[in-house]
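The structure appears below as structure tokens.
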Amino acid sequence: VMVHYGEKIKDEALKRIISESYQEVLDSLKLTPVSMPEVHDLEFQDKKPLRFNIKLEVKPEIKLKELNSITIKKKRYAVKESDVDNRLNSIRESNAEFLNVEDRAVENLDYVIADVECFVGGLSKEKASNVWLFAKGDSSDEIAKGLIGLKRQSVNKVIKKLPDDYPKEDMRSKDAEFVITVKEIKKKVLPELDDEFVKLVGNFASLSELRSSIKKSLEIEYQRSQLEDMHTQIIDSLNGQYDFCVPESLINKEAQRIKEQLRQRLMEARANEELIKEKIEKLTPSIKEDAAKNVKVYLIMNEIANTYLV
């Protein structure tokens, strides 16, 4: 039996002994592991004592402070008529019409549909059709300012320095020439605040009723903001009151979760893989700080729950 199954029997015995010894140590020292154990320096020979070391991270000991030491300020939010006006204008903006302009050149605050080609060092680097551009005479953006006065089928060339964080690395911080061919000119027209607009927005009998509905919606949003602010104050207070070593394995796990959330948001915003990778790498230090804070507060809150609620 030992010839055929000796090694397997030894392995099974070794696993059982290590597992039982490991559990005995946890129980005797009242330790709560937060990572998988790693066995090191294993000595397992016939007729000799079994020796091994186990490396793992454990839940830190937290001595709770008095809960009444946490002080928060409740911010007061009041919905103003100007808030309702701003929300109403946002609704108008979202229902705006863009009318074709046939008989004049581009004016301030017009929209232009154009074909755009970007050249760097005389070479064509990017090309896009039917791009929507906004014309603004006092803009610091050369393209937006250069649209003023152009007519349909006009071609305009604009020199613009690309930013340091431009998506394509080989084009960053370089002077680029944008060749813009105007195809259409559009004028934005906002709907009037009348009965037709009220019907367009929803099932409201009058503008007054719509304003009341907007006010109620803003009150709910402000209440939610108030609760979120109070929650943030509690988190910051707890984080500042306690000082203990946060297990690295939990920090890494939380950091990975935050990165995955960021990746998902960037993908939904149609960012390419290169930009996503660069963004995550750039934010990694701050992500790890946030992860450490999140885990620390979670451990504190868990201790509070176990102490006062169980």
Side-chain angles (χ1 to χ4, degrees), residues 72-116 128-154 156 180-234 261-271 275:
I72 61 174
K73 295 181 180 180
K74 187 176 181 179
K75 289 186 177 181
R76 300 292 180 183
Y77 292 94
V79 179
K80 303 174 184 178
E81 286 303 309
S82 59
D83 297 332
V84 177
D85 291 337
N86 290 335
R87 180 59 59 87
L88 200 53
N89 286 331
S90 295
I91 297 174
R92 291 178 70 201
E93 289 282 347
S94 64
N95 287 278
E97 288 187 277
F98 293 87
L99 305 180
N100 284 323
V101 175
E102 305 283 351
D103 57 350
R104 64 169 174 80
V106 178
E107 294 181 354
N108 194 41
L109 306 184
D110 278 344
Y111 286 81
V112 171
I113 299 178
D115 292 340
V116 181
S129 300
N130 299 323
V131 179
W132 280 70
L133 302 173
F134 182 54
K136 199 167 189 298
D138 59 355
S139 174
S140 59
D141 181 72
E142 295 88 344
I143 293 177
K145 188 162 45 178
L147 295 172
I148 306 296
L150 297 179
K151 295 183 178 180
R152 294 176 63 195
Q153 304 306 319
S154 295
N156 191 36
I180 301 165
T181 303
V182 177
K183 298 175 71 175
E184 295 181 49
I185 302 172
K186 300 277 188 180
K187 179 182 179 180
K188 184 168 74 172
V189 179
L190 298 179
E192 295 293 332
L193 291 174
D194 54 21
D195 291 341
E196 289 301 317
F197 173 73
V198 172
K199 293 177 183 177
L200 178 67
V201 173
N203 189 24
F204 300 101
S206 64
L207 182 59
S208 176
E209 186 177 323
L210 173 58
R211 291 183 67 90
S212 296
S213 176
I214 291 174
K215 186 175 182 179
K216 289 179 182 178
S217 177
L218 287 172
E219 287 172 347
I220 294 173
E221 289 181 22
Y222 287 173
Q223 288 173 2
R224 187 180 297 115
S225 296
Q226 187 181 63
L227 291 175
E228 289 176 355
D229 179 71
M230 293 168 65
H231 179 264
T232 300
Q233 289 184 60
I234 293 172
Q261 283 189 338
L262 176 58
R263 170 180 287 276
Q264 189 63 36
R265 289 198 300 270
L266 292 172
M267 289 177 63
E268 290 173 357
R270 299 183 181 276
L275 181 61

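In this chain, residues are counted from 1 in sequence order.
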- Query: Is S212 reaching over with its side chain to a backbone N or O of S208, donor-acceptor style, under 3.5 angstrom?
  - Reply: yes

- Task: Kindly give the heavy-atom pair with the smallest separation between A144 and S139, and that separation in Å.
- Result: CB-OG, 3.9 Å

- Query: Is any side-chain heavy atom of N156 closer than 4.5 Å to a side-chain heavy atom of V182?
  - Reply: no

- Note: S217 and R87 closest approach over all heavy atoms is OG-NH1, 4.4 Å

- Please answer whether the main-chain N or O of T181 pairs with a side-chain N or O of D115 as donor and acceptor at a distance below 3.5 Å. no

- Which distance, rounded to the nearest 0.5 Å, do you find between the CD of Q223 and the CD of E219? 7.0 Å

- Minimum heavy-atom distance between E107 and A135, given as atom pair plus value: O-CB, 3.8 Å

- For E192, look at atom CD and say whether over 12 heavy atoms of other residues, nucleotides or ligands are found less than 6.0 Å away. no

- Interatomic distance, CD@E228 vs NE2@H231, rounded to 0.5 Å, equals 9.5 Å

- Parallel, tilted or perpendicular: ring planes of F134 versus Y111, cut at 30 and 60 degrees: tilted

- Task: Verify the neighbour count for atom NZ of K199: are there more than 12 heavy atoms of other residues, nucleotides or ligands below 6.0 Å?
- Result: no

- Can you tell me how far OG of S213 sits from CG of L218, rounded to the nearest 0.5 angstrom? 9.5 Å

- Task: Using atom types as modelled and distance alone, determine if a side-chain donor or acceptor of D229 lies under 3.5 Å from a backbone N or O of Q226.
- Result: no

- Which value, rounded to the nearest 0.5 Å, describes the distance between L193 atom CG and L207 atom CG? 5.5 Å

- So, N95 side chain and L200 main chain: donor-acceptor pair closer than 3.5 Å or not? no

- Task: Check the pair R211, D85 against salt bridge (Lys or Arg N to Asp or Glu O under 4.0 Å), reporting the backbone distance first and the verdict last.
- Result: CA-CA 8 Å; R211 291 183 67 90; D85 291 337; 2.9 Å; yes

- Message: If you count heavy atoms of other groups shown closer than 6.0 angstrom to NZ of K183, is the number above 12?
- Response: yes

- Item | Which atom of K215 lies closest to which atom of V79, heavy atoms considered | CG-CG1, 3.9 Å

- Item | Distance-minimising heavy-atom pair for V84 and I214 | CG1-CG2, 4.0 Å

- Item | Flag, side chain of S225 to backbone of E221, donor-acceptor distance under 3.5 Å | yes

- Looking at CG of L266 and CD of Q261, how far apart are the two atoms once the value is rounded to the nearest 0.5 Å? 12.0 Å

- Task: May I ask you to check whether over 12 heavy atoms, not counting those of N203, lie within 6.0 Å of atom CG?
- Result: no

- Query: Regarding E93 and N89, is there a side-chain donor-to-acceptor distance under 3.5 Å anywhere?
  - Reply: no

- Query: Side chains of N108 and K136: does their closest heavy-atom pair fall under 4.5 Å?
  - Reply: yes

- From the list K187, R104, K188, side-chain hydrogen bond (donor to acceptor under 3.5 Å, both in side chains) partner of D110 resolves to R104

- Task: Looking only at non-hydrogen atoms, find the nearest pair between A105 and K151 and report the distance.
- Result: CB-CG, 3.7 Å

- Counting N and O atoms only, with roles assigned by atom type, does the side chain of Q233 sit under 3.5 Å from a partner on the main chain of K73, one being a donor and the other an acceptor? yes

- Less than 4.5 Å apart, any side-chain heavy atom of L133 and any of V116? yes

- Message: Evaluate V201 against L210 for side chain to side chain contact (heavy atoms under 4.5 Å, CB included), listing each step before the verdict.
- Response: CA-CA 9 Å; V201 173; L210 173 58; 3.9 Å; yes

- Message: Measuring only between side-chain heavy atoms, which start at C-beta, is F197 closer than 4.5 Å to I91?
- Response: yes

- Task: Assess the side chains of N100 and K186: does a donor N or O sit below 3.5 Å from an acceptor N or O?
- Result: yes

